[in-house]
Amino acid sequence: MPELPEVETIVRAARPRLLRRRIGAFHSRWVRQVSPGEREVRAAIVGATIADVRRRGKFIVIELERGSRSAGVLLIHLRMSGRFEWGRTDDRPDSEPRHVRATFDLSGGVRLYFCDARKFGRLRYVADLKTTPLAIGPEPLDRSFTPARLAGILRSRRKLLKPLLLDQAAIAGLGNIYTDESLFRAGLHPLRKSSSLTDPQIAALHQAIRRTLREGIRHSGTSLDWAYPEGKMQTRLLVYGRGDQPCRRCGDTIVVLRVGQRSTHVCPTCQPKARRRAAMTNPGT
DNA sequence: TTCAGTGTTTGCCA
DNA sequence: CTGGCAAACACTGA
Ligand SMILES: [Zn+2]
């Protein structure tokens with residue numbers, strides 16, 4: 001479910017509720033998803049204080065400390081259906097939300113529920129991110145993510161455009177929705193070879209990625225169902241989920257392809273696969 | 001009732 | 001290296 005804008009929205013909401021709170025208890029019967037294991041995680045985090053809550057790619061990063069010394073990091077990945085729910089430490093068991101996979105009891109009587117219907121989510125404790133770095137690419141909204149940086153990424157690999165943009169090791173945070181939306185806004189076909197783009201096309205893609213992600217954040221992400229209810233971006237999507245509907249730019253019919261097992265939404269006119277003879281006026285927003 | 005499809009990632013194979 | 005495919009799992013809608 002959640003991509004960069006949704007995770008960013010979740011982090012912004014969670015941060016003020018978590019910051020400076022002490023972890024009093026941790027429970028999870030979620031064996032496959034908790035690393036290194038419930039007992040180990042509990043021993044590592046109970047008694048620690050939450051010093052920071054931030055996002056890196058699609059990861060939620062919770063920095064812990066004891067006293068003023070770092071006490072490691074909790075990494076949470078929501079995958080397809082993970083979400084946060086909030087309650088109180090005296091909640092009755094029958095009032096808990098559905099699909100609870102882990103609970104954190106915090107000072108002030110606050111309880112954080114990690115819920116995840118499909119159980120793809122991951123919760124990992126690492127003592128030090130420096131020795132256990134996240135193997136993911138640059139943040140697309142960072143200042144350092146320049147068109148030249150994107151050009152380096154696109155040209156250093158020989159992959160199709162969409163699979164490359166989805167590759168978290170190349171760029172962190174794009175998922176199926178925002179990749180399709182970015183490619184449409186850049187006027188680029190998802191099956192183009194990443195190394196075939198011209199400089200102007202790379203510039204258009206760079207701008208499209210950043211504008212699309214920022215727009216997603218501004219509208220609190222995309223909500224398609226119960227898995228992520230708080231977004232408003234779904235009404236502004238130009239191609240994702242709009243198969244057989246008219247393109248909002250040119251009126252042609254949006255088609256749905258299958259690329260790397262993912263549904264892929266394309267306007268055949270705005271995103272020509274082959275180079276067009278007629279010059280296209282930059283279709284980017 | 002059955003089954004394809006879902007916003008993610010990893011691992012295996014050719 | 002690259003792409004394709006299966007799988008991890010629960011739920012929804014046709
Ligand atoms: Zn179009």
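Note that the coordinates shown come from a computational prediction; the quantities given were computed from them, not determined experimentally.
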Charged N-O contact under 4.0 Å between A:D116 and A:R79: no

Euclidean distance for P, C:dC9 against B:dT1 (whole angstrom): 24 Å

Salt bridge flag under 4.0 Å for residues A:D94 and A:R92: yes

A:R211/A:E215 ion pair, N-O < 4.0 Å: no

A:I171 vs A:L150, side chain to side chain contact (heavy atoms under 4.5 Å, CB included): CA-CA, chis, key distance, verdict: CA-CA 9 Å; A:I171 301 172; A:L150 177 60; 3.8 Å; yes

Side chain to side chain donor-acceptor pair (under 3.5 Å) against A:T222, all qualifying residues, sequence neighbours excluded: A:Y178

Donor on one side chain, acceptor on other, A:H265 and A:R242, under 3.5 Å: no

Test item: side-chain donor near acceptor, A:R192 and A:Q201, under 3.5 Å: yes

A:T264 versus A:K162, side-chain donor and acceptor atoms under 3.5 Å: yes

Touch class at under 4.0 angstrom, heavy-atom based, for A:R98 against every strand present: sugar-phosphate

Integer angstrom distance from the P of B:dG7 to that of C:dT2: 24 Å

Heavy-atom side-chain proximity of A:I76 to A:I62 below 4.5 angstrom: yes

Plane angle bin for A:H77 and A:F59 - parallel if under 30°, tilted between 30 and 60°, otherwise perpendicular: perpendicular

5' to 3' contact window, DNA chain C with chain A (heavy-atom distance under 4.0 Å): C:dT2 to C:dT12

Base-paired stems that DNA chain C participates in, counting runs of 3 or more Watson-Crick or G-U pairs under 3.5 Å: B:2-6 with C:10-14, B:8-14 with C:2-8

Any residue of residues 151-161 of chain A with a heavy atom less than 4.0 Å from an atom of DNA chain B: none

Side chain to side chain, A:L224 and A:I177, heavy atoms closer than 4.5 Å: yes

For A:I136 against A:A172, the heavy-atom pair lying closest together: CD1-CB, 3.9 Å

Residues touching DNA chain C, which here means a heavy atom under 4.0 Å, drawn from residues 122-137 of chain A: none

Side-chain heavy atoms of A:L106 within contact of A:T89, under 4.5 Å: no

Sidechain N-carboxylate O distance under 4.0 Å for A:E6, A:R55: no

Pairwise side-chain contact, A:R157 with A:S195, heavy-atom cut-off 4.5 Å (strictly under): no

Nucleic acid footprint by protein, nucleotides 6-14 of chain B - heavy-atom cut-off 4.0 Å, B for base, S for sugar-phosphate alone: BBBB-----

